[in-house]
Amino acid sequence: MYKIKTIIMRVLIFLRIFPNIYFTFIPFKILEFKELLKGVKFSKNDVILDIGCGNGIQTALLARNCAKVIGIDVSEKAVTFAKTLLGHMNRNLNVEILNVRLEDAKFADESFDKIFSICVIEHIDNYMEVLKETYRILKKNGQIIFSVDSMASIEDKELIEKHNKIYSVVKYFNVNELKDILSEVGFNKTDIYPIFKSNYAKKIFICGIKNNFKYGYLRSFLIYFLLRYKENRCKKVDKGIFIIAKCNK
């Protein structure tokens, strides 16, 4: 089975179909990634850090826009998969994957032009220490772009507790609180806002908690397009399931 999956992966890479954010097969993750990249200006000289790189798909996609990406993750299994994926790509992408916590990586001051993190910080006990570390290793005028769980639009406490237990969430953030935290760390020009604000997003996310976010391949794409449509129609709503943050040093 492993050999079959490897062959399929290589064929998809050769056809330039994979990697692609659509291969997460989770409509929320697709929209989240697109929202994170919206308005971000990349340079071919950028050096980027991806905190919580997971299986490496997002890291590979970021690498297409810059000079180098370093992906870090505390999961040895995820790092192994990411290295395998990138090893198959052979596209002259400058990517390094490390199995390390950010605070243990000991990056030099002002090492990165941009730092990305996709729904990771809410799982970290010492999130203030981590955010202060990102500030230290960002270059002057560098940018941190990340998302965190909020669950502000979900009222069912038992459901939130279930989500917390399954996904080991240390803290759910709200927009104003996150603004204060990032300001305290030293970031400026902060753009912080909720996403997944529609009733449809709420309904589908609750369904995801109950079925481990397994929607099926075809249904995932249908949900994605409907979710995108619904989200565009509720821009004035001030509460959502996730929060997007884009801040400058």
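Residues Thr59 and Ile97 form a side-chain contact, since some pair of their non-hydrogen atoms from C-beta on lies under 4.5 Å apart. A 4.5 Å side-chain heavy-atom check between Ile209 and Met151 finds at least one atom pair inside the cut-off. Under the 4.5 Å side-chain criterion, counting only non-hydrogen atoms from C-beta, Ile118 is in contact with Lys29. Tyr200 is listed as a side-chain neighbour of Ile223, based on a closest heavy-atom distance under 4.5 Å. Looking only at side-chain heavy atoms (C-beta outward), Phe107 and Glu133 stay at 4.5 Å or farther from each other. Between Glu184 and Met128, some side-chain heavy-atom pair lies under the 4.5 Å cut-off.
In the hydrophobic clustering of this structure, Ile244 does not group with Val148; members are Ile, Leu, Val, Met, Phe, Trp, Tyr whose side-chain heavy atoms approach within less than 4.5 Å, directly or through other members. Under the 4.5 Å side-chain heavy-atom criterion for Ile, Leu, Val, Met, Phe, Trp and Tyr, Ile21 and Tyr217 are members of the same hydrophobic cluster. Two different hydrophobic clusters hold Leu218 and Leu227 under the rule that ILVMFWY side chains link at heavy-atom gaps under 4.5 Å.
Between Tyr215 and Phe25, the gap from one ring centroid to the other reaches at least 6.0 Å. Between Phe213 and Phe205, a ring centre-to-centre spacing shorter than 6.0 Å is recorded.
For Tyr167, the OH atom counts as densely surrounded, since its 6.0 Å shell holds more than 12 non-hydrogen atoms of other residues, nucleotides or ligands. Remark: Lys132 NZ is loosely packed, at most 12 non-hydrogen atoms of other residues, nucleotides or ligands lying under 6.0 Å away. Residue-environment remark: CG (Asn199) stays at or below the threshold of 12 foreign heavy atoms within 6.0 Å.
A donor-acceptor contact shorter than 3.5 Å is absent between the side chain of Asn212 and the backbone of Lys214. In terms of modelled atom types and a separation under 3.5 Å, the side chain of Lys246 and the main chain of Lys38 share a donor-acceptor contact. Using a distance-only test at 3.5 Å, with no hydrogens or angles considered, a donor-acceptor pair links the side chain of Lys249 to the main chain of Leu138. When atom types are taken as modelled, the side chain of Ser150 and the backbone of Phe173 share a donor-acceptor pair closer than 3.5 angstrom. Panel note: side chain Asp73, backbone Val79; no donor-acceptor pair is recorded below 3.5 Å. Between the side chain of Asn232 and the backbone N or O of Tyr229, no donor-acceptor pair lies under 3.5 Å.
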- [ ] I would like to know whether Leu131 and Ile121 meet side chain to side chain contact (heavy atoms under 4.5 Å, CB included); could you show each step before the answer?
- [x] CA-CA 8 Å; Leu131 288 171; Ile121 292 172; 3.7 Å; yes

- [ ] Begin from the C-alpha positions of Glu231 and Arg228 and carry the test salt bridge (charged side-chain N to carboxylate O under 4.0 Å, His left out) through to its verdict.
- [x] CA-CA 5 Å; Glu231 288 299 295; Arg228 187 174 68 176; over 6 Å; no

- [ ] In sequence, state the C-alpha distance, the side-chain angles, and the governing distance for Lys239 and Glu155, and then conclude on salt bridge (charged side-chain N to carboxylate O under 4.0 Å, His left out).
- [x] CA-CA 11 Å; Lys239 291 183 180 180; Glu155 298 86 10; over 6 Å; no

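Annotation: cation-pi pair Lys77/Phe81 absent, no NZ/CZ under 6.0 Å from the ring centroid and within 45° of its normal.
Note that the CG atom of Leu37 and the CG atom of Leu62 stand 6.0 Å from one another [nearest 0.5 Å]. Distance check: Ile192 CD1 to Ile243 CD1 gives 8.0 Å after rounding to the nearest 0.5 Å. Considering CG of Leu31 and CD1 of Ile26, their distance stands at 12.5 Å, rounded to 0.5 Å. If you take CG on Asn164 and OH on Tyr172, they are separated by 4.5 Å, rounding to the nearest 0.5 Å. Between atom CZ of residue Phe33 and atom OG of residue Ser147 there is a gap of 10.5 Å, rounded to the nearest 0.5 Å. Here the SG-CG distance, from Cys119 to Leu36, works out to 8.0 Å after rounding to the nearest 0.5 Å.
Taking every heavy atom of both residues into account, Ile48 and Cys66 meet most closely at CD1-SG, 3.6 Å. Of all heavy-atom pairs spanning Ala60 and Leu86, the tightest one is CB-CD2, 3.8 Å. Counting all heavy atoms, side chain and backbone alike, Pro194 lies closest to Gly240 at CB-N, 3.6 Å. The two residues Ile70 and Leu98 have their closest heavy-atom pair at CG2-CD1, 4.0 Å. The shortest non-hydrogen separation linking Ala245 to Leu182 is CB-CD1, 4.2 Å. In this structure, Ile195 and Glu35 approach most closely via the heavy-atom pair CG2-CG, 3.9 Å.
Tested against Leu49 for a side chain to side chain contact (heavy atoms under 4.5 Å, CB included), the candidates Leu102, Asp113, Thr134 yield a single pass: Leu102.
In this structure, Phe28 and Phe242 have tilted ring planes: the angle between them lies in the 30° to 60° band.
Remark: Arg101 does not engage Glu129 in a salt bridge, criterion side-chain N to carboxylate O under 4.0 Å.
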